[in-house]
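Just so you know, residue 1 is the first one in the sequence shown, and it goes up from there.
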Amino acid sequence: ATKKYKLIMEKKQSITIPALCQGCPSQFAEYLAYCRSLKFEAKPNIAYLRGMFRDLFRSQGYTNNDSTLDWDWNRLESGGDNRGGAAPGGY
């Protein structure tokens, strides 16, 4: 089992952020780079990260004007799902 987990760890460490985020909005790569740059004791800037994804969310045509919970966001247009696999929630 230890060898299995070592191989998993090596694979995770060897993949580049651009390869991992290929086909996704650039904010995902920015998020991962930010997280990887944090020192162990560092506190992440949660407001910055949430704002980055909130801006992406809105730029993709989503809204949360009805004050529902974070995971219950609705599309601005009710004309179907045209996320194309790149919008938040489409991964």
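Residues Leu56 and Phe28 have side chains in contact (heavy-atom distance under 4.5 Å, counting atoms from C-beta outward).
Rounded to the nearest 0.5 Å, atoms CG (Leu32) and CD1 (Ile17) are 5.5 Å apart. Interatomic distance, CD of Gln27 versus CG of Leu49, reported as 11.5 Å (0.5 Å rounding).
By the 6.0 Å contact criterion, CD on Gln22 is open, its count of non-hydrogen atoms from other residues, nucleotides or ligands being 12 or less.
Applying the side-chain hydrogen bond (donor to acceptor under 3.5 Å, both in side chains) definition to pairs two or more places apart or across chains, those involving residues 36-48 are Glu30-Tyr48.
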